[in-house]
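Scroll down for the structure; my scribbles are underneath it.
Along the sequence shown, residues carry numbers from 1.
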Amino acid sequence: MITKHMIRTLMIETPTVPGNLGKVATAIGLVGADIGEVETVKVGPTYTMRNITVQVETEEQLNEIITAIEGLEKGIKLHTVSDEVLSAHEGGKIAMKSKMPIKSLAELRRVYTPGVADVCSLIEREPDKAEIYTTINNSVAIVTDGTAILGLGNIGPVAGMPVMEGKAALFDQLAGISGVPILLDTTDPEEIIRTVKNIAPGFGGILLEDIGSPHCFEVEDRLKEELNIPVMHDDQHGTAVVTLAAAISACKSAGIDLKEAKVGQIGLGAAGVAICRMFMAYGVQAVYGTDKSEMAMNRLKEYGGQTSSNIEELMETCDIIIATTGVPGLIKKEFVKEGQVILALSNPRPEIEPEVALEAGAAYAADGRSVNNVLGFPGIFRGALNAKSKEVNHEMLVAAAEAIASCTKHGDLVPDPLQPEVHEKVAEEVERVARRVYVGV
């Protein structure tokens with residue numbers, strides 16, 4: 001799941017004496033920040049210069065790190081603090097480029113006028129030829145109204161563009177798909193639906209992204225009914241796929257039969273409801289959810305799930321707990337039942353820290369740092385497009401989750417999201433299921 005945080009790179013000089021890097025790392029850790037990459041930039045005769053990437057939640061926490069490092073012994077120097085994330089976004093992260101050179105008049109005539117007219121006429125006579133002679137079948141619209149961007153909330157579609165560009169970049173690199181960001185300056189469900197339907201002829205699929213609850217449910221359901229191409233809301237089903245994969249892996253480690261277990265979902269927003277539906281589609285018979293919103297509880301009932309009156313009741317009766325509330329510390333240590341599997345997935349701070357849950361008797365516990373939607377959506381759409389599927393259904397999504405779990409090493413929650421074989425496996429399994437359903441193969 002995507003997190004809300006700041007990433008900064010500190011260039012730090014330390015005397016070439018054993019233990020100095022450890023002092024810097026300790027100073028950063030005591031402030032409560034996470035260290036990412038450590039890169040040696042230069043080794044001098046008596047010093048070493050390193051770039052150390054840190055992840056912080058606030059500007060105040062960053063200032064605490066700076067103060068802590070500056071307070072270390074003489075010879076340890078902080079030279080610069082840079083925002084390499086911001087630098088990486090300068091000019092945007094994606095671009096539309098020609099796949100073929102246009103360096104002569106002959107090439108111009110083939111690619112554009114007059115030659116292109118023959119292709120247009122062919123497609124007019126035989127519309128299916130657009131799959132061969134255009135990029136439509138390999139393009140996915142990444143659509144947002146900006147109402148639920150990461151953990152930032154309703155910040156608008158333009159502010160959400162860096163996220164959409166990131167999705168497009170991942171589509172390209174992990175699945176060879178052309179992802180095209182579409183920013184909608186409206187939050188009206190009817191207008192969103194109408195606009196997406198109007199642009200749909202130019203795309204092979206629609207990925208809805210960061211559209212808030214509850215209107216995201218209506219938007220997705222209607223578009224799935226009214227379009228004949230794959231439509232998926234990533235905040236719902238992308239999250240649910242990776243969560244199911246994580247639960248499969250966690251249950252293997254804990255020796256629990258997931259399908260026979262009782263699963264409790266804390267938080268029934270877009271992700272929470274979709275997670276419940278995904279577990280039911282996988283074959284879990286007892287799926288319970290709880291939320292402060294009565295509307296959310298009723299929505300889960302409509303989808304066939306069961307509800308629990310409060311967190312304490314859910315924790316007391318369920319074998320597996322999934323939490324997606326965004327409320328750190330919500331699950332108290334005394335709530336944990338011996339032998340439970342607990343996946344507290346809110347970032348940057350989980351509902352209960354894994355080590356606390358384990359101390360309280362949980363058989364397996366993890367937070368959401370590694371549960372990233374990027375494990376799902378590229379391969380899901382690659383498989384759907386390959387199969388020329390008209391939808392993304394729960395059978396295809398369950399196949400994606402099982403594929404991710406099959407690529408996970410024992411003891412891990414999910415695999416490395418940048419492993420190409422993971423996305424290839426997801427695409428292969430989704431295509432297999434889609435072809436069986438739609439083509440009968």
Side-chain angles (χ1 to χ4, degrees), residues 1-9 25 28-38 52-58 61-62 65 84-85 148-152 163 166-167 170 174 210 234-235 238-254 265-267 269 271-272 274-275 320-331 336 340-360 362-378 401 404-405 407-419 422-423:
M1 301 175 73
I2 300 177
T3 61
K4 177 184 176 182
H5 56 241
M6 298 161 48
I7 298 175
R8 297 292 183 269
T9 300
I28 294 171
L30 288 173
V31 175
D34 289 331
I35 295 176
E37 295 181 353
V38 178
I52 300 178
T53 301
V54 296
Q55 178 181 309
V56 296
E57 294 178 40
T58 64
Q61 191 178 32
L62 176 62
I65 291 174
E84 294 189 9
V85 171
I149 303 295
L150 305 185
L152 304 172
V163 180
K167 291 279 186 181
L170 293 166
L174 300 176
D210 291 345
D234 197 41
D235 302 84
T239 300
V241 162
V242 183
T243 301
L244 174 57
I248 292 171
S249 300
C251 285
K252 283 181 180 177
S253 295
Q265 167 66 40
I266 302 174
I275 289 168
I320 300 160
I321 298 294
I322 316 290
T324 56
T325 65
V327 182
L330 180 67
I331 299 175
V336 177
Q340 276 180 325
V341 167
I342 298 178
L343 303 180
L345 302 180
S346 293
N347 279 309
R349 292 286 179 264
E351 286 80 2
I352 185 170
E353 297 291 345
E355 55 271 21
V356 174
L358 291 170
E359 287 173 6
Y364 190 99
D367 56 26
R369 284 177 292 181
S370 61
V371 180
N372 195 315
N373 289 18
V374 72
L375 282 161
F377 72 86
I404 294 168
C407 296
T408 305
K409 295 178 182 177
H410 182 74
D412 288 348
L413 197 61
V414 290
D416 182 342
L418 296 181
Q419 288 181 345
V422 176
H423 304 283

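Among residue pairs with one or both ends in residues 342-354, those qualifying as salt bridge (charged side-chain N to carboxylate O under 4.0 Å, His left out) are E57-R349; sequence neighbours excluded.
Residues D416 and V422 have side chains not in contact (no heavy-atom distance under 4.5 Å, counting atoms from C-beta outward).
Separation of atoms CD1 (I322) and CG (L244) is listed at 9.0 Å; rounding is to 0.5 Å. With values rounded to the nearest 0.5 angstrom, D367 atom CG is found 11.5 Å from I352 atom CD1. Note that OG1 of T239 and CG of N372 are 9.0 Å apart. Values are rounded to the nearest 0.5 Å. Between atom CG of residue L62 and atom CD1 of residue I7 there is a gap of 12.5 Å, rounded to the nearest 0.5 Å. Rounded to the nearest 0.5 Å, atoms CZ (R8) and CD (E84) are 10.5 Å apart.
Of the possible polar contacts, one joining the Q61 side chain to the G32 backbone as a donor-acceptor pair under 3.5 Å is found. Looking at D235, its side chain does come within 3.5 Å of a backbone N or O of D210 through a donor-acceptor pair. Judged purely by atom type and a 3.5 angstrom limit, H423 uses its side chain to pair as donor or acceptor with the backbone of P417.
Across all non-hydrogen atoms, the minimal contact from A357 to I342 is CB-CD1, 4.2 Å. Nearest heavy-atom pair across A401 and A245 is O-CB, 3.4 Å. Of all heavy-atom pairs between P350 and A344, the closest is CB-O, 3.4 Å. Closest approach of S346 to T325, counting heavy atoms only: OG-N, 3.2 Å. G411 and Y364 get closest at one heavy-atom pair: O-OH, 3.4 Å.
In the model, T9 has no side-chain atom that pairs as donor or acceptor with a side-chain atom of E37 under 3.5 Å.
The side chain to side chain contact (heavy atoms under 4.5 Å, CB included) check on L30 picks up T26, with sequence neighbours excluded. Applying the side chain to side chain contact (heavy atoms under 4.5 Å, CB included) criterion to T408, with sequence neighbours excluded, gives S249, D412, P415. Shown here are the salt bridge (Lys or Arg N to Asp or Glu O under 4.0 Å) partners of E359, two or more places apart in sequence or in another chain: K333. Every residue meeting the salt bridge (Lys or Arg N to Asp or Glu O under 4.0 Å) condition with D234, not counting sequence neighbours, appears here in chain and number order: K167. By the side chain to side chain contact (heavy atoms under 4.5 Å, CB included) test, A247 pairs with L258, F279, L343, sequence neighbours left out.
In summary, of the residues considered (L345, L375, V242, V414), a side-chain contact (heavy atoms from CB on, under 4.5 Å) with S370 occurs for V414 alone.
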side-chain contact (heavy atoms from CB on, under 4.5 Å) between T324 and Q265, worked out = CA-CA 8 Å; T324 56; Q265 167 66 40; 2.9 Å; yes
